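First listed ligand is number 1; within each ligand, the first listed atom is number 1. Predicted model, so just to flag it, every value in this text is computed and none were measured.
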Amino acid sequence: MSSKVAKPSPERSAEILESLAEIRSRIQAVSSDSNSTTLVAVSKYKDASDVLACYEGGQRDFGENYVQELVDKAEKLPQDIRWHFIGTLQSKKGKDLAAIPNLYAIHSVTSIKAAKILNTAIKEERTLNVLLQVNTSGEESKSGLPPVTSADSELIELARHIITECDHLHLQGLMTIGSLAQSLSTAENADFETLTTTREALQSYLNANRRGDGRRIITWGEDGRLLVSMGMSSDFEAALKAGSNIVRVGTGIFGERPKKGGAN
Ligand SMILES: *Cc1c(COP(=O)(O)O)cnc(C)c1O
């Protein structure tokens with residue numbers, strides 16, 4: 001498999017491995033339980049050979065924002081990579097994503113329509129982890145559903161739909177990007193608090209309405225707890241302090257990207 005990918009140069013490889021080690025030690029320094037923290041290395045716009053260099057350093061979780069780029073990389077990189085799709089999800093691309101055998105999770109589900117498409121597209125006996133994207137900062141430039149403020153919530157509706165109707169999807173948690181300005185100005189980011197509060201609200205709702213439909217066992221999260229995916233290169237330490245389970249780091253590992261590769 002990996003023979004399809006050009007070997008990274010020894011210099012590039014050393015550079016990536018050094019950055020990866022630094023990020024890992026920074027995660028360890030702030031996490032109460034770094035073993036249960038997942039580091040997703042965000043490789044958008046970066047060559048497959050960069051991914052391979054990181055893989056050789058033991059990294060297995062990688063994140064991508066664009067469906068075609070992910071399809072291309074997944075095809076030629078090792079099959080034991082766990083791919084995370086973190087970009088804005090267009091329903092019509094759901095089928096292409098679902099066809100990637102080692103797609104591990106989609107962090108950016110925001111509609112029942114997309115959930116239905118994904119659920120139908122998975123034919124084999126497998127379940128795909130999904131996280132619901134929440135727009136915690138309320139910025140128009142960011143996608144995601146509004147945080148939960150009452151029981152009458154789109155996010156709750158979507159979570160319910162996935163849990164009760166989508167046999168091939170596993171509701172793993174919630175994801176947010178949050179406002180960067182927040183992270184730069186203060187050590188604490190209110191958007192991260194908003195996501196954990198929303199997680200608690202959604203979880204209480206699900207627990208209170210746990211009664212299954214008699215057809216299958218209703219489960220979510222890991223050990224019944226929804227995970228939160230939050231924190232990027234510039235703010236993952238604040239996110240971990242606020243309780244993040246999954247951090248998504250690109251620039252911090254692979255270096256700067258061309259401008260258009262910003263978070264979306
Ligand atoms: C690009 C991107 C990241 C990684 O951003 P960096 O600042 O490079 O660490 C994380 N999450 C999402 C959703 C992104 O689009």
Side-chain angles (χ1 to χ4, degrees), residues 15-16 18-27 30-31 37-48 50-51 53-54 57 59 61-70 73 81-90 93 97 103-111 114 129-145 147 172-185 189 191-192 194-195 198 227-242 244-264:
E15 182 177 44
I16 290 172
E18 193 182 320
S19 305
L20 177 64
E22 191 210 307
I23 298 291
R24 282 183 178 157
S25 72
R26 283 170 60 190
I27 291 173
V30 288
S31 303
T37 304
T38 301
L39 166 63
V40 175
V42 177
S43 50
K44 64 184 173 220
Y45 290 115
K46 298 293 173 180
D47 291 341
D50 279 5
V51 176
C54 209
Q59 181 65 27
D61 291 273
F62 291 90
E64 287 284 339
N65 286 58
Y66 303 97
V67 174
Q68 195 53 50
E69 187 176 348
L70 174 49
K73 282 179 180 159
I81 283 178
R82 305 200 303 181
W83 289 106
H84 298 247
F85 183 76
I86 62 173
T88 302
L89 176 63
Q90 295 170 279
K93 301 275 177 145
L97 274 179
L103 180 70
Y104 176 73
I106 298 183
H107 292 227
S108 45
V109 175
T110 56
S111 71
N129 294 304
V130 295
L131 296 92
L132 312 184
Q133 186 171 351
V134 181
N135 186 350
T136 48
S137 60
E139 293 164 286
E140 254 177 62
S141 61
K142 307 234 158 85
S143 54
L145 294 169
Q172 196 182 30
L174 302 176
M175 181 275 249
T176 197
I177 296 179
S179 150
L180 183 58
Q182 273 263 9
S183 292
L184 295 178
S185 59
N189 183 323
D191 297 335
F192 296 155
T194 301
L195 193 67
T198 289
L227 304 183
V228 286
S229 165
M230 56 188 195
M232 322 199 305
S233 296
S234 54
D235 57 13
F236 70 86
E237 283 148 322
L240 288 167
K241 286 178 192 154
S244 180
N245 307 109
I246 305 168
V247 293
R248 313 174 308 266
V249 178
T251 319
I253 295 172
F254 297 108
E256 292 296 328
R257 290 181 296 273
K259 261 243 161 356
K260 60 174 181 168
N264 60 16

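- A donor atom on one side chain and an acceptor atom on the other are found under 3.5 Å apart for Thr176 and Thr136.
- Atom numbering of ligand 1 starts at 1 in the shown order; those under 4.0 Å from a heavy atom of Asn65 are 14 (C), 15 (O).
- Put simply, SG on Cys54 and CG on Leu20 are 4.5 Å apart, with the number rounded to the nearest 0.5 Å.
- Polar contact check, Ser233 against ligand 1: a nitrogen or oxygen pair lies under 3.5 Å apart.
- Taking all heavy atoms of Arg248, His107, Met230, Lys44 into account, the minimum distance to atom 2 (C) of ligand 1 is reached by Lys44.
- Close approach of ligand 1 to Gly250 is summarised as follows: ligand atoms under 4.0 Å from at least one heavy atom of the residue are 4 (C), 6 (P), 8 (O), 9 (O).
- Of the inter-residue distances, the one linking Ile86 atom CD1 with Ile106 atom CD1 reads 12.0 Å to the nearest 0.5 angstrom.
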Exercise. Where do Ser179 and Ser137 land on the side chain to side chain donor-acceptor pair (under 3.5 Å) test, with the steps shown first?
Worked result: CA-CA 6 Å; Ser179 150; Ser137 60; 5.7 Å; no
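- Judged as a side chain to side chain contact (heavy atoms under 4.5 Å, CB included), and not counting sequence neighbours, the contacts of Ser31 are Ile27, Ser34, Thr37, Leu240.
- Residue contacts with ligand 1, taken as heavy atom pairs separated by less than 4.0 Å, involve Arg257 solely via side-chain atoms from C-beta onward.
- Of all the heavy atoms of Ile86, the ones lying under 4.0 Å from any atom of ligand 1 are found in both the backbone and the side chain.
- In summary, the atoms of ligand 1 found under 4.0 Å from a heavy atom of Thr251, numbered by their order in the structure, are 6 (P), 7 (O), 8 (O), 9 (O).
- For the pair Lys241 and Glu237, the salt-bridge criterion is not met [side-chain N within less than 4.0 Å of a carboxylate O].
- Interface of Val249 with ligand 1, defined as ligand atoms under 4.0 Å from a residue heavy atom, comprises 9 (O).
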